[in-house]
Student: 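Attaching a single structure in structure tokens format; questions to follow.
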Amino acid sequence: MTQLDILIMAAGKGTRMKSRLPKVLQRLAGRPLLHHVLDQAAHLQARSATVITGHGAIEVEAATAGAASGGSTFDLKFVRQEPQLGTGHAVQQAVPHLRADGTVVVLSGDVPLTRPETLRALVDACAGKRLALLTVELADPTGYGRIVRGADGAVRGIVEHKDASEAQRAITEVYSGIMAVPARLLAPWLARLTNDNAQGEYYLTDIVAMAVQDGQGVAAHRISDALQVAGVNSPLQLAELERAHQLRQAQALMEQGVRLADPARFDLRDDARTGTRAALVCGQDVEIDVGCIFTGRVELGEGVQIGAHCCIANATIAAGAIVHPYTHIDGEKLGARVGEGALIGPYARLRPGAQLGREVHIGNFVEVKNSTLADGAKANHLAYLGDASVGERVNYGAGSITANYDGANKHRTVIGADVHIGSNCVLVAPVTIGAGATVGGGSTITKDVPAGALGVARGKQVSIADWQRPTKQPKP
Ligand code: UD1
Ligand code: CA
């Protein structure tokens, strides 16, 4: 087995994206296109990967060095191609950096969904000895390089669409842009390229005719799944590949037994903020309703139910918990945890550091940030818990908040077990409510409340008998 050196062409402009962001940094499932391609290098256990950059080179290199394929061991290099004179010219820039003993696999930075087994089959067809092309049969081959075969069926060359005759344009087998070729053969062929063609470019595809001329056989590994070689040129194509990729992920989960109400309305993405790879780990009998977005690493325990249109990022939801529709859970870097049998939402918001015990209830329009709620605690309506420790079985009333921020610093609120906080209370931190205490509704609590006591801090109610309401003045 020869060693593999991957070349990724990523110098093109991507004009049709109409974006400031270089095309290969556009995201598919939250991950730059180029990083998807680098993952393929990792799957192939390549010895090196060289990215050919040009347009937006500084940005592409900065976003890719180090960030790609955590844990992979290949040597990652960048080579600049300036100006961009064609795919053959691109590969020429990299060749001086390649070792002669390896097999070169050429990939495109904007073709994200090639399966590892397809690339492995291509490398096998090359066998360290000959040029091997990945080809695909397309109903509409417009724009692609056509695979020209002889009467014996052997590949004779590739003709670019713009250079092709009418007869050649009728060929439906096209070059995918992906090839595997021994480095020792590639270098001399590249040296012979000219730009004598319809586009005045150095075509990498011209090496095919050279291989034939030199009496080296050319292998073609033909696939029928166009998605695997589909490139991204426009926002529409990016969205189409996104849906196809999401459908694949949804199908993989369903094969594990996860019940998705609709695999076409499911999204699982990398978390670009924390650099966390997309991973949805599900126990048995998990049900996920339509329109949910999972970001980063999310674990759902046995029997968890996720209602429609929830956004869940970097969180763990333990067995039997139910998350009702329109709930937003975002653990960011700190993570968020929902305990066994908890009931969350609808319209709940759990932020980083929310740690909920067993059977905690968090209802509509309740926000929890950097707070621990022990088993059985409940905050059912319109409330805020920030930087708080909440004991077991606490009942936290509607409209109550922890005032955790004094304008300069954040402070903690500690609420003991079995406390009852009435409605519309403000707990001004730092403050401690002792176990079993009660806080009367409408109180603004600035001092600790001892265990078992009633804390009330509000104007006393008065009733003025026979109160006369103002009456409307007649208009002058
Ligand atoms: C290329 C192939 C064509 C094939 C098609 C598959 C050639 C001459 N043609 O055509 O046979 O069917 O891909 O998608 O190779 N790039 C550079 N530097 C350059 C030019 C391009 O890095 O100077 C990069 C682009 O960023 C892109 C890739 O190479 O990632 C392909 O270039 P593109 O111009 O899209 O080639 P096609 O005309 O599509
Ligand atoms: Ca292209």
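Order of listing sets the numbers, starting from 1, for every ligand and every atom in it.
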Student: Check whether any side-chain N or O of Arg169 sits under 3.5 Å from a backbone N or O of His161 as a donor-acceptor pair, and report yes or no.
Tutor: yes
Student: With a 4.0 Å cut-off on heavy atoms, is Asp110 touching ligand 1?
Tutor: yes
Student: Assess Gly86 for proximity to ligand 1: is some non-hydrogen atom of it under 4.0 Å away?
Tutor: yes
Student: At under 4.0 Å between heavy atoms, which part of Glu160 makes contact with ligand 1: side chain, backbone, both or neither?
Tutor: side chain
Student: Could I get the full list of ring pair (Phe, Tyr, Trp, His ring centres under 6.0 Å) partners for Tyr326, not counting sequence neighbours?
Tutor: His309, Tyr347
Student: With distance as the sole test, does Arg351 use its side chain to make a donor-acceptor pair with the main-chain N or O of His328 at under 3.5 Å?
Tutor: no
Student: Has ligand 1 got any nitrogen or oxygen that is less than 3.5 angstrom from a nitrogen or oxygen of Thr205?
Tutor: no
Student: Using heavy atoms and a threshold below 4.0 Å, how should the contact between Val24 and ligand 1 be classified: side chain, backbone, both, or neither?
Tutor: neither
Student: Please determine if Leu204 has a nitrogen or oxygen closer than 3.5 Å to a nitrogen or oxygen of ligand 1.
Tutor: no
Student: Tell me whether Thr114 contacts the main-chain N or O of Gln228 through its side chain, where contact means a donor paired with an acceptor under 3.5 Å.
Tutor: yes
Student: Is Gln81 in polar range of ligand 1, meaning some N or O pair under 3.5 Å apart?
Tutor: yes
Student: I want to know if ligand 1 touches Met9 in the polar sense, i.e. an N/O pair below 3.5 angstrom.
Tutor: yes
Student: Using heavy atoms and a threshold below 4.0 Å, how should the contact between Ala90 and ligand 1 be classified: side chain, backbone, both, or neither?
Tutor: side chain
Student: List the atom pairs, donor and acceptor, that lie under 3.5 Å between side-chain atoms in residues 131-139 and the rest of the protein, sequence neighbours left out.
Tutor:
{"from": "Thr135", "atom 1": "OG1", "to": "Glu173", "atom 2": "OE2", "distance (Å)": "2.6"}
{"from": "Glu137", "atom 1": "OE1", "to": "Arg222", "atom 2": "NH1", "distance (Å)": "2.8"}
{"from": "Glu137", "atom 1": "OE2", "to": "Thr172", "atom 2": "OG1", "distance (Å)": "2.5"}

Student: Quick check on Val174 - does any of its heavy atoms sit under 4.0 Å from an atom of ligand 1?
Tutor: no
Student: I want to know if ligand 1 touches Tyr203 in the polar sense, i.e. an N/O pair below 3.5 angstrom.
Tutor: no
Student: Could you check whether Arg47 pairs with Asp75 (Lys NZ or Arg NE/NH1/NH2 to Asp/Glu carboxylate O, under 4.0 Å)?
Tutor: no
Student: Inspect the contact between Arg259 and Asp285 and indicate whether a charged nitrogen and a carboxylate oxygen are less than 4.0 angstrom apart.
Tutor: yes
Student: Between Gly145 and ligand 1, is there a nitrogen or oxygen pair with a distance under 3.5 Å?
Tutor: yes
Student: Could you give me the CA-CA distance, side-chain angles and deciding distance for Asp387 and Lys410, then say whether salt bridge (Lys or Arg N to Asp or Glu O under 4.0 Å) is met?
Tutor: CA-CA 8 Å; Asp387 303 305; Lys410 300 238 167 97; 5.3 Å; no
Student: Find all atoms of ligand 1 within a distance of less than 4.0 Å from any non-hydrogen atom belonging to Ser108, and give their numbers and elements.
Tutor: 28 (C), 30 (O)
Student: Mind checking the CZ-CG spacing from Arg31 to Leu38? Nearest 0.5 Å is all I need.
Tutor: 8.0 Å
Student: Show me which atoms of ligand 1 lie under 4.0 Å from any heavy atom of Ser176.
Tutor: 6 (C), 14 (O)
Student: Can you find an N or O of Ile158 that's nearer than 3.5 Å to an N or O of ligand 1?
Tutor: no
Student: What are the atoms of ligand 1, with element, lying closer than 4.0 Å to any heavy atom of Leu85?
Tutor: 23 (O)
Student: Classify the side-chain pair Gln246/Gln249 by whether it contains a donor and acceptor separated by less than 3.5 Å.
Tutor: yes
